[in-house]
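In what follows, chains are A, B, ... by sequence order, proteins preceding strands, each numbered from 1. Only this structure's heavy atoms are used, side chains among them; waters, hydrogens and symmetry mates stay out. Keep in mind that this is a model prediction, so the values were computed, not measured.
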Amino acid sequence: MKGKPADKKTIVSTLERIALLLELSGANPFKSRAFQNGARALQSYEGDLAEGFASGELKKIKGVGKGILTEVDTLLDDGTSQALDELEAVVPAGLLEIAKVPGLGPKRVKTLYDKLGIESLGELEYACNENRLVQLDGFGAKTQEKILKGIDAIRRFSGRHLLSDAWATADQLLETIGGVKGVEKIELAGSLRRRRETIKDVDILVAADDPASVHEALTKIDGVEEIIGSGDTKTSVRLDSGINVDLRTVTTTQFPFALHYFTGSKEHNTRMRQRAKDRGLKLNEYGLFPTDSEESVDCADEAAIFEALDLHFVPPELREDMGEFDAAESDDLPPLVAEDDIRGVLHNHSTWSDGAHSVREMAEAARAMGFQYLGLSDHSQSAFYAHGLKEDAILRQHEEIDEVNAAMDDFVVLKGIESDILADGSLDYDDDVLERMDFVVASVHGHFGMSREDQTKRCIRAVQNPYTSILGHPTGRLLLGRDGFDIDLRAVIEAAAEVDCALELNANPHRLDLDWRELRFATRQGARISIGPDAHRTEGLSDLRYGVAVARKGWVQAGDVLNALELDDLRSWLRDRRA
DNA sequence: GCCGTTTTCGGCCCGACTGTTTTCAGTCG
């Protein structure tokens, strides 16, 4: 069936789908991995895939060979993939769902399908209730019970959690378990330490004299709903919030190796191990071993492990095998932005639109956090749902801001607006109103369903408007809720960089938009990033920490961040932008 | 399927835990 050309995202996800289907079809597992690797390699390819294919650049990428290029070719041409079509003809779609049940991998999913004809979650549940799994080789009563629980959990929880929720849970656990007698070291590991935007489970690593008491402490914590598993070195529990916690114990000597290992990512670890192997060493969670030796190389901390493999220290946020090895080899790792670098915040709401606190309350809270300025950007007139401001309300709000400013000599409230970007890409007020603003955040709040082409044009027009200081939450996504709207994001980023319009990294934990994967592209184009809390109450200001965390993950430096500027520098930047 | 300053064939990261076994396969991270 002829279709339209696939974009990069579709091509990457198609290759990943092929990899999973290959596993489920019982093919050579290395073939499946090859497709996974190929998908990853293309994902991190900076250029345009169609151009790269035409010029022969894609052929040079490690992990992309003849077989994968064949699929890419047809996907680029008409969006089809013969490999995918053939696999989908053989493997029922429901098996992909079933593979998400904890404890069920490709082998068992295949067994269930081959022996019992199970090809959907519902059928699986029915078969468990009919006690039909126990008759199969390798299955037993406990497995059946576990699968039923897994199906239930999938339905109750998406299985993933916001960075903010997982982080808050982890902070509490670190305090409680860190207080257990005999605990020498305790650290967060896993995707939470890497600051991924959503988290599957909280990983905690402990070095302790008496591991058993540490494991016991976790199982006794308030809010433990189920103990999933418990051994000498690992305990897993599910909290009533639905968050899973994995606790591992090691010795003090092993700690740095285990911390690195359990921090991941899996892809980063694979590269590290290969790198160790290339140097005649074996790396695992217990140490770094020369060939034929039981004695590990001595490493006091993670930095020493990197050093032993001729690398500079890679901050956890960057460990995604997305360029950190090249940078760590050549000492090109950037100094990442830190919370201390932030001088103020530029996207906030007050009671004038849909916020919960007044101008003065927001200002005092921001000042107490050590900021120099607060940019107030209430909603614009088209945003009826959020009590957007008409022109006369803007005038009155500005009077109130002047009063608040007059009462503070070491802090400034900047006059801004979060202007809806209308369907045609224009802003929500006439120029003479925008002229009165210190800054403008322009955001899409409606017409999400426009075509990719029109949406792209719309946002490019908005960033090219000299009154637009910042493009707000550029994709409109809500994590675990809805995908961003269809848009050629890179084209918008390039357009913004061209005219020096800043891009927002919205720090609200539900958004974290711009995505960290795009931040590096944006800063390379020279675009400024505004880390905005989008606070609707004073407490919301502290969401900034999630924004900074994700900015770090996107290789952002203080010099890239608009609101790391001192007030005077920010003001002149805003003036220049408009000029 | 991909890769190769020992290779065009024969590898492809490694270990813990679980549940099923009676020495191990499958799953997970």
Handout entry: NZ/NE/NH1/NH2 to OD/OE distance under 4.0 Å, A/Glu317 and A/Arg193
Key =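 A/Arg193 and A/Glu317: not salt-bridged.
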Problem - A/Arg319 with A/Glu302: basic N within carboxylate O range, under 4.0 Å - result: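 Yes.
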Exercise for the section: Let me know, please, whether A/Ile228 or A/Gly65 comes out on the 5' side of the other along DNA chain B by nearest nucleotide. Expected result: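 The 5'-side residue here is A/Gly65.
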Handout entry: Toward the 5' end of DNA chain B, by each residue's nearest nucleotide, A/Lys31 or A/Lys234
Key =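 Nearer the 5' end of the strand: A/Lys31.
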Exercise for the section: Look at all strands and tell whether A/Ile61 reaches a base, only sugar-phosphate, or nothing, counting heavy atoms closer than 4.0 Å. Expected result: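 Sugar-phosphate only.
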Quick test: give all pairs of protein nitrogen or oxygen and nucleotides 7-9 of chain B nitrogen or oxygen below 3.5 Å, distance rounded to 0.1 Å.
none

Handout entry: Centroid separation A/His473 to A/His510 less than 6.0 Å
Key =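 Not close enough - the centres of the two rings lie 6.0 Å or further apart.
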Handout entry: Ring centroid separation A/Tyr286 to A/Phe257 under 6.0 Å
Key =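 Not under 6.0 Å, so no.
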Practice task
Ignoring hydrogens and angles, answer whether the base of B/dG29 and the side-chain atoms of A/Asp203 contain a donor-acceptor pair closer than 3.5 Å.
Solution key: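 Donor-acceptor pair under 3.5 Å: no.
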Practice task
Report yes or no: is there a donor-acceptor pair, N or O only, under 3.5 Å between the side chain of A/Tyr261 and the base of B/dG29?
Solution key: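 For A/Tyr261, whose side chain was compared with the base of B/dG29, there is a donor-acceptor pair (under 3.5 Å).
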May I ask you to evaluate whether [X] reaches the phosphate of [N], defined as a side-chain N or O under 4.0 Å from OP1 or OP2?
X: A/Ser236; N: B/dC17; answer: no
X: A/Thr143; N: B/dT20; answer: yes
X: A/Lys200; N: B/dC28; answer: no
X: A/Lys277; N: B/dC12; answer: yes
X: A/Arg33; N: B/dC13; answer: yes

Practice task
Could you measure between the two P atoms, the one in B/dG26 and the one in B/dT20, and give it in whole Å?
Solution key: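 Their P atoms lie roughly 14 Å apart.
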Practice task
Considering only atom C1', compute the distance from B/dG11 to B/dT6 and round it to an integer number of Å.
Solution key: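 Nearest-Å result for B/dG11 against B/dT6 at atom C1': 14 Å.
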Could you give the [atom1]-to-[atom2] distance, from [X] to [N], as a whole number of Å?
X: A/Leu259; N: B/dG29; atom1: CG; atom2: P; result: 18 Å
X: A/Asp278; N: B/dG4; atom1: CG; atom2: P; result: 11 Å
X: A/Leu133; N: B/dT20; atom1: CG; atom2: P; result: 10 Å
X: A/Gln254; N: B/dA16; atom1: CD; atom2: C1'; result: 13 Å
X: A/Arg17; N: B/dG1; atom1: CZ; atom2: P; result: 19 Å
X: A/Arg248; N: B/dC28; atom1: CZ; atom2: P; result: 13 Å

Practice task
With A/Val202 as reference, evaluate A/Leu188, A/Leu247, A/Asp165 under the side chain to side chain contact (heavy atoms under 4.5 Å, CB included) test and give the passing residue.
Solution key: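 With A/Val202 as partner, side chain to side chain contact (heavy atoms under 4.5 Å, CB included) holds for just one option, A/Leu188.
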Problem - Mate of B/dT8 where both pairing distances stay under 3.5 Å, Watson-Crick or G-U - result: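 Paired with B/dT8, as far as the under-3.5 Å criterion goes, is no nucleotide at all.
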Handout entry: Verdict with supporting geometry, A/Arg248 and A/Asp203, salt bridge (charged side-chain N to carboxylate O under 4.0 Å, His left out)
Key = CA-CA 8 Å; A/Arg248 291 179 172 88; A/Asp203 290 296; 3.5 Å; yes
Problem - By side-chain contact (heavy atoms from CB on, under 4.5 Å) - contacts of A/Asp7 (at least two apart) - result: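 If we apply the side-chain contact (heavy atoms from CB on, under 4.5 Å) test to A/Asp7, skipping adjacent residues, the hits are A/Lys9, A/Thr10, A/Arg452.
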